Protein chains: 2
Amino acid sequence: MAPDSTRRSAKSRRAIYDAALALVGEVGYPKTTIEGIAARAGVGKQTIYRWWSSKAEVLMEAFVDLSAQAAEAAGGAADGDAAHGDGAGGDGIPDTGDLEADLKAVLRATVDELNDPRYEAPARALAAEGVGNPAFAEEFVATLLMPSLELYVKRLRAAQDAGQVRAEVDPYIARDLFVSPLAQRWLQRTGPLDHTYADRLVEYALHGIAPR
Amino acid sequence: MAPDSTRRSAKSRRAIYDAALALVGEVGYPKTTIEGIAARAGVGKQTIYRWWSSKAEVLMEAFVDLSAQAAEAAGGAADGDAAHGDGAGGDGIPDTGDLEADLKAVLRATVDELNDPRYEAPARALAAEGVGNPAFAEEFVATLLMPSLELYVKRLRAAQDAGQVRAEVDPYIARDLFVSPLAQRWLQRTGPLDHTYADRLVEYALHGIAPR
DNA sequence: GTCCGGCGAGACGTATCGTCTTGTCGGCCT
DNA sequence: AGGCCGACAAGACGATACGTCTCGCCGGAC
């Protein structure tokens with residue numbers, strides 16, 4: 001029943017990834033079709049249906065692969081994140097002792113990733129699929145988002161140990177304060193996503209908007 | 001060419017709204033089909049194609065109608081918001097002079113709306129459609145979200161006048177600090193969406209997470 | 001009473017779905 | 001070296017939904 005993965009064709013897999021990413025970029029996610037991917041990749045439909053259960057799965061793997069390539073090309077150890085709610089690559093978040101500067105640097109990097117046209121179409125497609133599809137959302141969040149998001153929590157806990165963040169603050173909620181507005185603005189295109197916005201978020205979240 | 005709206009059948013329109021909302025709730029947005037809506041509503045397909053350009057448009061109008069009904073039933077003047085990134089009904093945000101209490105009250109109400117199963121399926125569908133469809137997102141945000149979101153800005157400006165928020169703070173970004181994490185947690189089902197979470201967001205955003 | 005246009009119904013050709021069948025080809029085991 | 005096994009490319013298949021269209025029907029305006 002289960003196909004023999006040791007006999008799997010690496011060439012077909014590559015071609016499918018490339019075709020899926022290209023089509024999503026060119027005609028959009030809804031009009032990207034399994035038949036279309038197969039035709040473009042020069043592959044039989046069955047080869048796709050044999051290894052994946054939906055076009056969302058195909059695209060997700062293609063995107064993970066793309067991120068891995070990019071991470072490898074960029075130097076350090078691969079991570080597998082990229083381009084959605086984070087931007088803290090596998091490197092972790094720097095800890096120079098200056099929490100505000102560290103957070104600004106990472107959020108600025110995230111902004112740049114979110115604005116990278118290379119990732120835009122597939123990342124949006126995955127996000128859209130996740131909104132209406134809980135099972136897929138779970139996999140998507142766990143695989144692509146959580147690893148990087150967890151790094152923020154780690155950095156915030158270090159800041160708590162250093163006395164730069166109040167001890168009773170929940171680091172998960174604190175992290176949402178930085179990351180969610182970015183993700184939201186990106187998803188809903190509700191305004192420009194630039195370094196200034198990232199900086200303000202960090203400032204307001206760290207020191208509050210009330211008089212000090 | 002353009003159909004004569006004075007001859008439009010109110011009964012068909014109602015039936016279409018009801019069928020669309022029911023189907024989205026029962027089989028999900030992707031499997032909700034124009035043919036299905038027409039059949040369920042006891043209506044010819046052409047009647048739908050004559051007045052709407054896509055199933056997203058149908059659902060959006062149905063949702064607006066549903067919100068209007070609910071708002072009317074609830075008492076005051078209709079508004080047309082409900083159930084997404086806000087929760088500040090047409091009433092505006094209360095101004096008791098206690099900014100923190102006012103914000104918590106409104107965010108708690110928003111949480112309750114977001115958790116209302118009546119709205120969940122269609123609201124998610126609209127959000128998902130908007131992510132991958134810029135033109136629709138624009139209409140969606142402008143019609144359903146902005147009116148309520150603007151009320152936060154108004155309330156925050158009042159707080160600035162009262163000296164409870166620093167004058168140099170951008171009220172739009174400040175508002176994102178409260179609203180985006182809520183919306184994000186709802187969209188990605190990344191954790192429980194309850195009153196406690198809402199309260200923490202308000203506290204952290206107002207006073208910051210750094211030592212005071 | 002007649003006319004106009006929206007209405008319900010559903011036929012039509014096209015496209016994609018997911019499954020299934022056919023024949024080819026390359027790697028592995030003997 | 002020869003034979004076997006299973007993934008592969010190609011595409012046929014019935015099912016479904018698309019969006020357009022053509023029918024009568026019917027109700028309000030004139």
Side-chain angles (χ1 to χ4, degrees), chain A residues 1-62 65 125 128-129 132-133 135-136, chain B residues 1-62 65 125 128-129 132-133 135-136:
Chain A
M1 214 79 204
D4 180 351
S5 58
T6 66
R7 309 194 110 181
R8 187 167 181 180
S9 159
K11 181 158 46 160
S12 296
R13 188 181 340 199
R14 272 251 62 78
I16 289 168
Y17 289 162
D18 294 343
L21 291 170
L23 282 176
V24 166
E26 286 169 22
V27 307
Y29 181 61
K31 306 189 67 163
T32 294
T33 171
I34 301 255
E35 305 220 16
I37 296 172
R40 172 103 167 214
V43 140
K45 288 163 61 176
Q46 196 57 248
T47 300
I48 297 182
Y49 285 112
R50 185 178 299 116
W51 300 109
W52 292 278
S53 56
S54 70
K55 75 175 171 176
E57 298 287 343
V58 175
L59 190 62
M60 171 137 140
E61 269 195 33
D65 178 74
E129 179 73 27
N133 184 339
F136 181 78
Chain B
M1 215 75 205
D4 180 350
S5 57
T6 66
R7 299 191 145 210
R8 187 167 181 182
S9 159
K11 181 159 45 163
S12 296
R13 184 178 344 197
R14 272 251 63 76
I16 290 167
Y17 288 163
D18 294 344
L21 291 170
L23 282 177
V24 165
E26 286 169 22
V27 307
Y29 182 61
K31 306 189 68 163
T32 294
T33 168
I34 301 255
E35 303 220 18
I37 296 172
R40 172 101 165 215
V43 138
K45 288 163 61 175
Q46 196 57 246
T47 300
I48 297 181
Y49 284 111
R50 177 151 44 231
W51 300 109
W52 292 278
S53 55
S54 69
K55 75 175 170 177
E57 297 287 342
V58 175
L59 190 61
M60 171 137 141
E61 270 195 33
D65 177 75
E129 179 73 28
N133 184 338
F136 181 79

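Below, chains carry the letters A, B, ... as their sequence lines are ordered, and counting in each starts from 1. Quick caveat: nothing in here was measured; it's all calculated off a predicted structure.
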Side chain to side chain donor-acceptor pair (under 3.5 Å) partners for B:R40, two or more places apart: B:E26
Produce a footprint string for nucleotides 21-28 of chain D: one letter per nucleotide, 5' end first; B if the base is under 4.0 Å from any protein heavy atom, S if only the sugar-phosphate is, - if neither. B-----BB
Identify all side-chain donor-acceptor contacts of residues 13-23 of chain A below 3.5 Å with residues at least two apart in sequence or on another chain.
residue, atom, partner, partner atom, Å
A:R14, NH2, A:D65, OD2, 2.9
A:R14, NH2, A:Q69, OE1, 3.3
A:Y17, OH, A:E61, OE1, 2.7

Nearest heavy atoms of B:L59 and B:A125, plus distance in Å: CD2-CB, 3.6 Å
Partner set under salt bridge (charged side-chain N to carboxylate O under 4.0 Å, His left out) for A:K55, not counting sequence neighbours: none
Heavy-atom nearest nucleotide on DNA chain D taken for A:S9 and for B:K55; more 5' hit belongs to A:S9
B:W52 side-chain N/O to D:dG19 phosphate OP1/OP2 under 4.0 Å: no
Opening and closing nucleotides of DNA chain C in contact with chain A, under 4.0 Å to non-hydrogen atoms: C:dT16 to C:dG27
Does anything in residues 16-44 of chain B come within less than 4.0 Å of DNA chain C? Heavy atoms only, and list the residues if so. B:G42, B:V43, B:G44
Holding to side chain to side chain donor-acceptor pair (under 3.5 Å), I want the full list of residues that pass it with B:Q46, two or more places apart in sequence or in another chain. none
Sorted by chain and number, sequence neighbours left out, side-chain contact (heavy atoms from CB on, under 4.5 Å) with A:A56 holds for A:Y29, A:S54, A:E129, A:F136
Residues two or more places apart in sequence or in another chain: which of them pass side chain to side chain donor-acceptor pair (under 3.5 Å) with B:T47? none
Can you sort out the partners of A:T6 under side chain to side chain donor-acceptor pair (under 3.5 Å), two or more places apart, ordered by chain and number? A:D4
